[in-house]
Amino acid sequence: MSTPGQVDVALPDGQHLWVPAGTAAGEILRRWNPKDAGKYLAATVDGRPTDLERPVDRPSKLAPLTFEDRAGRDIVQHSAAHLVAKALTEVVPGARPTHGPPTDEGFYYDFDVRPLTSEDLDRIRSSVRMSVEAREPFHRKDVSRAEAESMFASNPHKLRYLAAAKPGESVSVYYTGDRFVDLCRGPHVPDTGWLEGTYILGHSAVISETSPGTPTLQRVRGVAFPTRHQLDEYLKLRKEAEARDHRILGPRLGLFAFLEEIPGFPVWLPNGMIVVHELEQFAREGLQRDGYVEVRTPLMFPQTVFEESGHWEHYRENMFVSTIEGRTFGWKPMNCPGAMLIFRSRARSYRELPLRLAEFAPLHRLEASGTLHGLTRVRELVQDDAHLFVAEEDVVPEMRKLLEWVREAYAIFRLEYTYELSTRPTGSLGDEEGWERAESTLEMLLKESGVPYRVSPGEGAFYAPKIDIHVRDSLGRPWQTGTIQLDSQMPRRFRLEYQGADGQMHTPIVIHRTILGTWERFFGVFLEHCAGCLPPWLAPVQVRIFPVTEAQAAAAQGYAHELSREGLRTEVSDTSETLPKRIRSAEIERIPYMVVIGEKEVADGSVSVRTRGEKGARSRSRAEFAAHATERVRTRAFEP
RNA sequence: GCCACUGUAGCUCAGUCGGCAGAGCGGCUGAUUCGUAAUCAGCAGGUCGGGGGUUCAAGUCCCUCCAGUGGCUCCA
């Protein structure tokens, strides 16, 4: 029943409230659900986020936003960014805020300001704390463009944003307390009391997105929660994640090392080589199954080959280059040129297709020094790489097989991944039509796979669009691992051809693909994922046997030989340390199976098996344990 | 490559105002023969990241180079 001056508001549970036009959204929500109203930090009106204080003046659908909603969480982050901007402009007078969006992790705010010091940050932190305690309100004010221009006359960045806004678009500013005002669309939380759990993660310089002439900006990064308690929980999780850092775990477990003399070139230690060999074995089983052959081509090629492939023009700044006897060679950053030369080395028939050439060769990429990062960003790497030379009609079935391979492989490592479709970059090889066809094929396959994906326009390789696989490290930073690229440019540049059933010559399509990506990056991320507890099939030592006293040493050695014959990597720990000490060391070394042999076990032919991470032990027959362990290894089980 | 920060024993860290370089773990040696996350004792181990400067005197202050960390840019 409509009364003049009243509007109909539809709420999420289907209820309708008739309220006087102009009632604040927050007030309506409080009336609707007084019990939970304290959790509401903003609202959506017809799906659009808005402040609680904004009046509802026409019939609408109204819903609350809490910190649990992604949109609500983003509002908290963005409000905290304003709070940091307020604090920073107080601490460093003359600082010019630019923009401060929420991110997947938290928020940042970029400032046009002198480089910040740690003292600045301390003062910003205490200013933030004071604002939170004072519960300063956020207030919106709609202004005319001219008003906004005069308010921000001293800040060229804000003026630029204003100039970029569409002519008809309304402009709003937000006050934080009564002294700080920022150009912003909003919405915001009602007051700074909502930002109790605001934490500054760090600061850094960022290269301005606009013209190269503009000075570097200073970015302050942070994360915000409505309560101190939620922040403490987050910091606890973060600390645990830091303890899983592969750069700490790897050297500690004897897997790999980083040496000051050879930055960017990781060293695989004996334990790490066992892992690399297991990963290669795993990859080779797939090659065998899907009809690949393995090849090996040189680590360097003359400049002319890279000119032919296009690397010299498009990738040279990332290549190591050597001059030998006056001839210039490039250290290969990818395996594709070698694969192209093999295909071209003799006449090819359609009967040979798809020709699938795999190559696990070391590659060199001259990554900028500031980007090196443990195993996940290195200058020498090995990919589980292959190039598939296929006829046009075989592209889709081959691609389907690859996506299925990815699904199976990542399931074994229990890694969650997303796909990214990267399309034609500027300055790429070839014609637009070929790219578009390849891109739409890839997108069709991605939709079919059901795995979440996003599109990154212009991020493709210089020769092909690609599907990249992304996984996250323990701190949530995304890394690209595998990649599948659909390339019709490079075969053309190398003038590849095969004779078809029709007697005509045809140019094949090349699929460049890696499944796990590189051993280095993949293993770095995986080590963090499993927190150093490698699955039994990857563990450098799978079984360690502990005689309780010297009297059982011979029995322990005998059983160790037995297990070794079964293919289990087994060793005996018979040092003069106490059993608890030896067990502790094995736990720290993350050895999956610990087998204790004492007087009792020698007497009855049993073993006492302790599984990594589990308290206590269970008695098994020797044959029983051997069968269990070999089965777990054979099936590549994730846990012992 | 850019900005900020960090660098003391193999590892984690202490080292005050510029005044003799330390601890725990790990390593080695010896004793101990032990039942599922640390037995005891002794010993060795340092160009305080490298180089330069200031000073009677530098781990400590200044400059510079190297490496690392967090971001940016770039990319598996």
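Values below: all heavy atoms of this structure, side chains included; hydrogens, waters and symmetry mates excluded. Remember, it's a predicted structure, so these values are computed and weren't measured experimentally. Chain letters run A, B, ... following the sequence lines, proteins first and then strands; every chain starts at 1.
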### Query
If you look only at pairs with a residue in residues 357-375 of chain A, which of them pass as a salt bridge (charged side-chain N to carboxylate O under 4.0 Å, His left out), with sequence neighbours excluded?
A:Lys332-A:Glu359, A:Glu367-A:Arg377
### Task
Classify the angle between the aromatic ring planes of A:Phe625 and A:Tyr593 as parallel (below 30°), tilted (30 to 60°) or perpendicular (above 60°).
perpendicular
Would you call [X]-[Y] a salt bridge at under 4.0 Å N-O?
| X | Y | value |
| --- | --- | --- |
| A:Glu639 | A:Arg612 | no |
| A:Glu577 | A:Arg582 | no |
| A:Arg610 | A:Glu614 | no |
| A:Glu242 | A:Lys239 | no |
| A:Glu624 | A:Arg618 | no |
| A:Arg284 | A:Glu280 | yes |
| A:Glu398 | A:Lys401 | yes |

## Note on the structure
For RNA chain B, the expected dot-bracket line (Watson-Crick or G-U under 3.5 Å, [ ] crossing, | inter-strand) is (((((((..((((.....[..)))).(((((.......))))).....(((((..]....))))))))))))....
Within the 4.0 Å heavy-atom criterion, would you say [X] contacts the bases, only the backbone, or no part of the nucleic acid?
| X | answer |
| --- | --- |
| A:Gln383 | sugar-phosphate |
| A:Arg521 | base |
| A:Glu520 | nothing |

By a strict heavy-atom criterion of less than 4.0 Å, which residues belonging to [range] are in contact with RNA chain B?
| range | value |
| --- | --- |
| residues 244-255 of chain A | A:Arg247 |
| residues 363-373 of chain A | A:Arg365, A:Glu367, A:Ala368, A:Ser369, A:Gly370, A:Thr371, A:Leu372, A:His373 |
| residues 476-483 of chain A | A:Arg477, A:Gln480, A:Thr481 |

### Side-chain heavy atoms of A:Arg472 within contact of A:Arg477, under 4.5 Å
no
From the set [options], return the single nucleotide nearest to any side-chain atom of [X].
| X | options | result |
| --- | --- | --- |
| A:Pro580 | B:C74, B:C72, B:A38 | B:A38 |
| A:Ser204 | B:G71, B:A37, B:A76 | B:G71 |
| A:Ile588 | B:A37, B:G70, B:C34 | B:A37 |

Determine the interatomic distance between [atom1] on [N] and the same-named atom on [M]; round to the nearest Å.
| N | M | atom1 | answer |
| --- | --- | --- | --- |
| B:G30 | B:A67 | C1' | 40 Å |
| B:U73 | B:U12 | C1' | 34 Å |
| B:G42 | B:A37 | P | 28 Å |
| B:A21 | B:C13 | C1' | 14 Å |
| B:C72 | B:C20 | P | 45 Å |
| B:C25 | B:A41 | P | 10 Å |
| B:C63 | B:C3 | P | 15 Å |
| B:G26 | B:C11 | C1' | 7 Å |

### Residue mapping more 5' on RNA chain B - nearest nucleotide basis, A:Glu261 or A:Lys466
A:Glu261
### Task
Map A:Asp468 and A:Glu614 onto RNA chain B by nearest heavy atom, then report which one ends up closer to the 5' terminus.
A:Glu614
Determine, for [Y] and [X], whether the Lys NZ or Arg CZ falls below 6.0 Å from the six-membered ring centre while staying within 45 degrees of the axis.
| X | Y | answer |
| --- | --- | --- |
| A:Arg379 | A:Trp331 | no |
| A:Arg219 | A:Tyr108 | yes |
| A:Arg622 | A:Tyr559 | yes |

How would you list, by chain and number, every residue that makes a side chain to side chain donor-acceptor pair (under 3.5 Å) with [X], sequence neighbours excluded?
| X | value |
| --- | --- |
| A:His203 | none |
| A:Tyr410 | A:Thr481 |
| A:Glu439 | none |

### Query
Residues in side-chain contact (heavy atoms from CB on, under 4.5 Å) with A:Val267, at least two apart?
A:Ala257, A:Leu259, A:Ile262, A:Leu269
### Message
Tell me every residue that passes side-chain contact (heavy atoms from CB on, under 4.5 Å) with A:Arg316, counting only those two or more places apart in sequence or in another chain.
### Response
A:Trp312
Over how many whole Å does the gap from [X] atom [atom1] to [N] atom [atom2] extend?
| X | N | atom1 | atom2 | value |
| --- | --- | --- | --- | --- |
| A:Tyr108 | B:G71 | OH | P | 14 Å |
| A:Gln485 | B:C75 | CD | P | 12 Å |
| A:Glu260 | B:G10 | CD | C1' | 15 Å |
| A:Leu259 | B:A67 | CG | P | 13 Å |
| A:Asp110 | B:A4 | CG | P | 16 Å |
| A:Ile467 | B:A76 | CD1 | P | 14 Å |
| A:Ile262 | B:G49 | CD1 | P | 21 Å |

Examine the base of [N] for any acceptor or donor lying under 3.5 Å from a partner atom in the side chain of [X], and report the outcome as yes or no.
| X | N | answer |
| --- | --- | --- |
| A:Ser576 | B:U33 | no |
| A:Arg377 | B:C74 | yes |
| A:Glu601 | B:G35 | yes |

### Query
Counting just side-chain N and O atoms, does A:Thr578 come under 4.0 Å of either OP1 or OP2 of B:C34?
no
Contacts under 3.5 Å, N or O only, protein and nucleotides 24-28 of chain B:
{"from": "B:G26", "atom 1": "OP1", "to": "A:Lys581", "atom 2": "NZ", "distance (Å)": "3.0"}

Determine all donor-acceptor pairs shorter than 3.5 Å in which one atom belongs to a side chain in residues 521-528 of chain A; sequence neighbours excluded.
{"from": "A:Arg521", "atom 1": "NE", "to": "A:Thr376", "atom 2": "O", "distance (Å)": "2.7"}
{"from": "A:Arg521", "atom 1": "NH1", "to": "A:Gln480", "atom 2": "O", "distance (Å)": "2.7"}
{"from": "A:Arg521", "atom 1": "NH2", "to": "A:Thr376", "atom 2": "O", "distance (Å)": "2.9"}
{"from": "A:Glu528", "atom 1": "OE1", "to": "A:Ser474", "atom 2": "N", "distance (Å)": "2.9"}
{"from": "A:Glu528", "atom 1": "OE1", "to": "A:Ser474", "atom 2": "OG", "distance (Å)": "3.1"}
{"from": "A:Glu528", "atom 1": "OE2", "to": "A:His246", "atom 2": "N", "distance (Å)": "2.9"}
{"from": "A:Glu528", "atom 1": "OE2", "to": "A:His246", "atom 2": "ND1", "distance (Å)": "2.8"}

